Amino acid sequence: MTPIRRTGRRTAAVAALALAAAGCGIRGTSVPVDAGGAPSRVSCKAPASEPAPNPPGESRATIYLVCGSALAQVERAVSLPKSSATTEPPLPTARTLLKELQRQPSSEEDRAGFSTALPQDLKVTAPRADDPAQALRLSIRPDDLPSFALAQLVCTYGASPALGQKHGAVLGGPDDAAAHRYDCSADVLANPDIAENAGWGDTLPEEG
């Protein structure tokens with residue numbers, strides 16, 4: 001009879017533990033819990049590229065948009081203006097890409113969860129006389145932009161062969177502060193809020 005009494009004690013102990021767990025709000029994972037409506041999910045998957053060739057004068061460009069708490073790339077057909085004698089060759093491309101970032105996502109992009117954080121009043125201009133040749137000046141100081149907006153701009157410019165930035169951008173603001181180099185790293189893509197952390201936007205090395 002001794003084994004039976006031990007079994008009874010174990011059963012009572014298990015029951016006591018179950019009651020204590022219930023009292024602490026612990027629920028078994030094997031039991032479905034109705035906690036309200038499920039959160040909406042987005043795919044963050046860019047719409048499939050059109051198989052048809054681009055119209056004359058248009059080319060494909062990689063644009064970085066916000067999706068969830070990260071950045072993801074989409075491809076768009078853009079018309080890049082030709083450079084003129086009064087405009088630096090990269091500037092028309094930079095302005096076209098900025099307009100693409102300021103444009104609201106298409107219905108397909110919106111359904112996939114894409115959005116943009118770029119201010120509509122942001123403008124980009126050519127570098128100043130004492131700036132590096134690859135620099136671009138913004139009408140708002142880079143560090144004053146929303147972190148997601150700055151990350152979108154840096155990664156989009158860094159993906160453009162015409163700008164020759166290679167995974168980053170050299171940006172300055174409307175003031176006299178020096179232009180800084182911003183890199184589009186995997187950390188920036190996964191966590192655009194890194195733009196608020198000190199150290200992003202390194203001072204360019206002195207040319208000598």
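In this text the structure is predicted, and so the values were computed from the model without any measurement. We count residues from 1, following the sequence as given.
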Closest heavy-atom pair and its distance - [X], [Y]:
X	Y	value
Q152	V66	OE1-CG2, 3.4 Å
A112	K45	CB-O, 3.4 Å
A72	C44	CB-O, 4.4 Å
A133	P127	O-CG, 3.9 Å
P142	G173	CD-N, 3.7 Å
A162	P90	O-CB, 4.5 Å

How many angstroms lie between [atom1] in [X] and [atom2] in [Y], if you round to the nearest 0.5 Å?
X	Y	atom1	atom2	result
L101	L122	CG	CG	9.5 Å
K166	Q134	NZ	CD	12.0 Å
I63	L97	CD1	CG	5.0 Å
L65	L71	CG	CG	8.5 Å
T93	L98	OG1	CG	12.5 Å
S139	D144	OG	CG	11.0 Å

Taking only residues two or more places apart in sequence or in another chain, which ones pass side chain to side chain contact (heavy atoms under 4.5 Å, CB included) with [X]?
X	answer
D175	R137, R141, A177
A159	T62, Y64
A149	A117, L118, P119, P146
S106	E108, E109

Taking the side chain as every heavy atom from C-beta outward, state whether [X] and [Y] have any pair of such atoms under 4.5 Å apart.
X	Y	value
Q102	T116	no
I140	D121	yes
L153	V124	no

Pair F148, D193 - check side-chain contact (heavy atoms from CB on, under 4.5 Å), show working.
CA-CA 6 Å; F148 276 73; D193 278 333; 3.4 Å; yes

side-chain contact (heavy atoms from CB on, under 4.5 Å) assessment of Q104 paired with D110:
CA-CA 9 Å; Q104 290 303 308; D110 182 67; over 6 Å; no

side-chain contact (heavy atoms from CB on, under 4.5 Å) between D183 and V154, worked out:
CA-CA 7 Å; D183 289 309; V154 167; over 6 Å; no

Sorted by first residue and then second, give each disulfide (SG to SG under 2.5 Å) pair with at least one member in residues 128-171; sequence neighbours left out.
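Every disulfide (SG to SG under 2.5 Å) pair that includes a residue of residues 128-171, provided the two are not neighbours, is C155-C184.
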
Please identify each residue that fulfils salt bridge (Lys or Arg N to Asp or Glu O under 4.0 Å) with E100, with sequence neighbours left out.
R76, R103

Would you please test D143 and Y182 for side-chain contact (heavy atoms from CB on, under 4.5 Å) and show each step?
CA-CA 11 Å; D143 292 343; Y182 298 84; 3.1 Å; yes

